[in-house]
Amino acid sequence: MRPALTLLSGLTLSAVLTSAALATAEPERTEAGDDSRSAVSAPVSGTTGAVSAEEAPEVTGPATAAIEPRDAVDDEAVGLSPASDSPESDSGEPATSESASEAEDLEAGSEPAGVALEPDTDDPAASVEAVADPGLDPSPEQEAANSEPQKASTPEAAAVDPLSDESASPAEAAEIGSEEAAPEQETASEQVPSSTPEAAEAVEQSTDDPAQSEAAEADLEDVGSEQPSTASGPEATSSSDTAAVAEPLPVVSKFEPEVLRLIVEAEGLKDEERDALTAFYEGRGDDLLWIEDGAFNTRAEAAMAEIQRADDWGLEASAFELPSPPQSDDPAEIARAELKLSLAVLKYANHARGGRINPRQLSNYIDREPPLLPPSDVLAGIAQADAVDAYLRGLHPQHPQFEKLRQAYLDIKRNRLPVEDAEADVAPKGKAGKAKGGNKATDEAKLRKILHNMEQWRWMPEDLGRFYVWANVPEFTLRVVHNGETIHSERLIVGKPDTQTPIFSDEMETIVFHPFWGVPNSIKVKEILPGLIRGGNILERNNLRIQYRGRDIDPARVDWRRTDIRNFHVYQPPGPSNVLGVVKFLFPNKHAVYMHDTPSKHLFANSQRMFSHGCVRVRDPLKFAEILLAYDKGWDRSRVDWVVKRGPRDNHIKLDNKIPVHITYFTAWVDDDGKLKTASDVYGHEKLIQMGLEGKAHLIARKKEDLGAVQAEVVSRLAETQPTWTSPSSSRQPDWVRRVFGH
């Protein structure tokens, strides 16, 4: 913008005279702010020939905006206050520290920006360049005039002109104006006071000329490079700290990408395991669980040592593939060892909780669901465990019988029981002793038996209950357990091999005195229907009734060859001949079985008691009811007897607290004296469990009972069947009567 000086050379004398007149003029003070206004708005008179503001021709664009009188601008708009307009106090000393510093700047030759002197020319273009060009060198007279302490410029005004070489930087302007009621801002760039709209318009118009724009940008760059920001204090510190926090240094991980890649590529993983491993290792970076500084840590060594002892817990140590120590710092090798050990831990947890076999795949009569832990819980638990080996041991069943069986298992492996004792316990009746191979064969059979029973304990609920009923089918025994102690035991009758008592757990809710017996569909189809088709009085002879839609009907009026008996309700009312006796115990379940009394007491004298269609018969049901009602309601035996003798028929006594019922199939257990006891595999479940442990469960042929389309089967059987029971007094009874009613 230096060429502008040449264009204005003819006006130099007029500018000098104008500056002298302004410097020597003593305006009359009326208020604190009038002095500064008069310095700008008073027209220049005398021999200079300058035109007053009223007589000057109207000029548009930057010139008009630059020479607008200060009267038209609100002081507060540019940050002025009455206190700052008066540079001196009555004593002649500077009024404020800002005024003193301003005076020092003026003495040093700095020229406050933002004051537009009225031009002494009629040329609008000259006026524009005179105001807009910050490169004009002031004359000595102008420097003297600018050094007057009564100048109207203020630090705030000096920060307004963005094109002045002498204007303060944004940071300096913010620091100077902080005490003039300007709000504190977050960053230094936001501390620049807003200029007036007229000044902004002047700046915008002054850059229309490309040459001037380039010169102005060059001057601004010089100012930025020669006048570094002087902003200091909390604002500057906070700004730098914020920038440091906003841009954290990226963390580079060597192992995490490799581990995640291996998880994706791993074969044989369930979706739940893959998701758990991914979630566990995401975000861990190089903070691995098992490896530190390229080697296994103490946690890994403890975990692998415990997994190698899996045989002592009835598992197979060979089933778990453990990693070898890393031989190099290769991230891929370290990640592979890390993931391999995590997979071994997950597999160990699964096996310890009974996950080797799905019990429901073995038989329709085994209804158990192992209490498996989610893989995410296993990883989180072992990562937080102080002792990893103790955590792994805690995954096994905590039932006392499981531990007793485990100790018996270890004793047999280490000490070898005498052959005669082992054979007497394991072999069926009439086959004891004298097997070639003696001790080794017997010990192996006993070990397998214990392992099968330990596996079944893994399927049991973790909490059996503080007070519960335990019916063990192969033992034909019922127990009532309170706080871990057996307080009552009784003989049982269970289902026949072809109508087995199912193995499951549920909760007893109701005890019914003088119950009705509802004949199940299987007995209706296989036992009752053939007699109805023959036309006999089978229902009457056994005190049975038949209903349709809630009303008793005459069975002789129904054509049973064309009728599905399953649509009818066949029942036996309470009485001395009722097959349920005087009481039944209900724990509703999908198998439709329950416990009950029976009029056929002589059957309890047999050593193997498999006579029912699946329900469990109790030898002394009133004693059993007394114990249950004493625990739940505080009843004594006299109260029970009164209900039996005087109570109504089909009297439902609802329990206040549900009592857990566990029907089990344990063929080996340790008694209170510490002696191992065994029972026969009456349903063949041990063979099924062994096939499951060997991975052959898919080879088991499962029978599914189908009662549909029974008419053809029944009619064909009738052609070969002769009536065998013609009267109640006859000693010859059909097989179904003996099987169902126990006669």
Side-chain angles (χ1 to χ4, degrees), residues 259-260 262-263 266-282 284 288-291 296-323 335-361 368-403 405-406 409 451-464 689 692-695 697:
V259 174
L260 296 178
L262 291 174
I263 293 173
E267 297 181 357
L269 283 183
K270 298 178 181 178
D271 292 341
E272 187 181 18
E273 294 173 332
R274 198 182 307 274
D275 294 343
L277 288 166
T278 301
F280 180 77
Y281 280 105
E282 274 184 344
R284 292 184 68 93
L288 300 180
L289 182 61
W290 309 112
I291 299 177
F296 287 130
N297 54 24
T298 56
R299 179 188 299 271
E301 294 173 353
M304 289 189 290
E306 187 62 35
I307 292 175
Q308 289 172 343
R309 292 190 289 268
D311 289 335
D312 293 345
W313 292 87
L315 303 179
E316 296 180 3
S318 59
F320 308 102
E321 187 176 356
L322 298 176
R336 191 175 298 108
E338 170 77 15
L339 181 60
K340 197 171 187 178
L341 184 51
S342 292
L343 291 175
V345 167
L346 289 180
K347 187 175 183 178
Y348 187 92
N350 179 269
H351 287 195
R353 309 285 289 190
R356 284 192 289 180
I357 308 173
N358 181 355
R360 293 191 175 102
Q361 290 183 347
R368 292 286 182 202
E369 183 175 358
L372 303 178
L373 288 177
S376 57
D377 290 358
V378 175
L379 293 172
I382 203 165
Q384 298 173 3
D386 295 331
V388 173
D389 51 350
Y391 175 83
L392 292 176
R393 289 192 295 270
L395 295 173
H396 296 280
Q398 302 301 302
H399 305 297
Q401 268 297 321
F402 176 85
E403 180 60 23
L405 285 173
R406 190 177 81 89
Y409 176 79
L451 288 178
H452 298 157
N453 284 268
M454 290 176 65
E455 194 68 22
Q456 290 188 72
W457 276 110
R458 302 185 195 276
W459 307 339
M460 292 292 291
E462 292 184 84
D463 184 8
L464 300 180
I689 294 173
L693 293 176
E694 295 174 355

Give the intermediate values and the outcome of side-chain contact (heavy atoms from CB on, under 4.5 Å) for residues L392 and I382. CA-CA 8 Å; L392 292 176; I382 203 165; 4.0 Å; yes
In Å and rounded to the nearest 0.5 Å, what is the CG to NE2 distance from L693 to H452? 6.0 Å
Yes or no on salt bridge (charged side-chain N to carboxylate O under 4.0 Å, His left out) for E455 and R458, after CA distance, side-chain angles and deciding distance? CA-CA 5 Å; E455 194 68 22; R458 302 185 195 276; 3.4 Å; yes
Can you list the steps and then say if Y281 with S342 is a side-chain contact (heavy atoms from CB on, under 4.5 Å)? CA-CA 11 Å; Y281 280 105; S342 292; 2.7 Å; yes
Derivation of the side-chain contact (heavy atoms from CB on, under 4.5 Å) call for H396 and L315: CA-CA 10 Å; H396 296 280; L315 303 179; 3.7 Å; yes
Contacts of E316 that satisfy salt bridge (charged side-chain N to carboxylate O under 4.0 Å, His left out) - sequence neighbours left out: none
P359 side chain reached by P370 side chain, heavy atoms, under 4.5 Å: yes
Face-on cation placement of R284 at F280 ring, 6.0 Å and 45° thresholds: yes
Could you tell me whether R406 sits above the aromatic face of W313, with NZ or CZ closer than 6.0 angstrom to the six-membered ring centre and within 45 degrees of the axis? yes
Charged N to carboxylate O below 4.0 Å: is that the case for E306 and R309? yes
Any side-chain heavy atom of E272 within less than 4.5 Å of one from P374? yes
Main chain of P461, side chain of H399: is a donor-acceptor contact present, judged purely on distance under 3.5 Å? yes
So how far is it from L373 CG to R353 CZ, rounded to the nearest 0.5 Å? 4.0 Å
So do N297 and L288 actually touch side chain to side chain, heavy atoms under 4.5 Å? no
Start with the C-alpha gap between K340 and L322, add the side-chain angles, then the distance that decides, and say whether side-chain contact (heavy atoms from CB on, under 4.5 Å) holds. CA-CA 7 Å; K340 197 171 187 178; L322 298 176; over 6 Å; no
Just so I know, are the side chains of L277 and P375 near enough to count as touching, which here means a heavy-atom distance under 4.5 Å? no
Does the side chain of R360 come within less than 4.5 Å of E369's, by heavy atoms? yes
Examine distances only and state if a side-chain atom of E338 and a backbone atom of W290 form a donor-acceptor pair shorter than 3.5 Å. yes
